[in-house]
Amino acid sequence: MNYWLIKSEPFKYSWDQFLKDKSTFWDGVRNYTARNNLRAMKKGDLALFYHSNEGLCIVGIAKVIKEHYQDPTTDETAWLAVDFSLYKSLKKPVFLADIKKDELLKNMQLVKQSRLSVCAVTREEFDKVLLLGGM
DNA sequence: GCCAACGTTGGC
DNA sequence: GCCAACGTTGGC
């Protein structure tokens with residue numbers, strides 16, 4: 001079981017929209033590191049859902065329901081999509097500013113490599129985010 | 001295979 | 001709107 005963090009600009013796809021949809025597909029990733037992370041995801045893995053640009057906080061958790069397949073938005077076979085279902089909303093969002101203040105979380109890939117849209121998260125980091133999120 | 005130039009992302 | 005960080009491209 002692995003843990004991940006997926007970023008979305010609320011402008012493009014928000015947590016609110018995800019709450020309505022109950023499931024979604026993650027496509028359009030055009031970065032090899034992010035692609036490799038998508039490819040490593042297994043059914044049942046959990047992913048923190050982060051709002052970038054606006055919000056700047058982790059708002060909920062998504063669950064992998066379908067492992068990688070050809071990204072339908074391109075013919076290039078290098079790119080993948082993954083399906084997620086709604087898992088849980090955090091009781092309260094965990095802000096980037098708080099993550100940066102936390103001894104354990106300040107080394108998250110999210111902070112260190114801010115441009116990466118699909119990040120790996122350790123078990124310890126995942127648990128701590130849930131704790132800060134009131135879970 | 002190196003490296004400069006350029007483009008993109010995302011926090012501030 | 002600016003800028004730092006990083007990825008990609010293309011000339012050599």
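Here is the naming used below: chain letters follow the sequence lines, and residue numbers restart at 1 for every chain. All of these numbers come straight from a predicted model, not from anything done at the bench.
Remark: A:S114, A:R115 in residues 108-117 of chain A come within less than 4.0 Å of DNA chain B through at least one heavy atom.
Of the charged side-chain nitrogens involved, at least one lies within less than 4.0 Å of a carboxylate oxygen, so that A:K128 and A:D102 count as a salt-bridged pair. A salt bridge links A:R30 and A:D71; the closest N-O separation between the charged side-chain nitrogens and carboxylate oxygens is under 4.0 Å. Remark: A:D98 engages A:K101 in a salt bridge, criterion side-chain N to carboxylate O under 4.0 Å.
Using modelled atom types and a 3.5 Å distance limit, the side chains of A:D21 and A:Y13 yield a donor-acceptor pair. Under 3.5 Å, the side chains of A:W4 and A:N37 contain no donor-acceptor pair of N or O atoms.
The cationic atom of A:K20 (NZ for Lys, CZ for Arg) does not lie both less than 6.0 Å from the six-membered ring centre of A:F18 and within 45° of the ring axis.
Using a 4.0 Å cutoff to heavy atoms of chain A, the contacted part of DNA chain B runs 5' to 3' from B:dG7 to B:dC12.
Ring geometry, A:F84 versus A:W26: the interplanar angle exceeds 60°, so the pair is classed perpendicular (tilted spans 30 to 60°).
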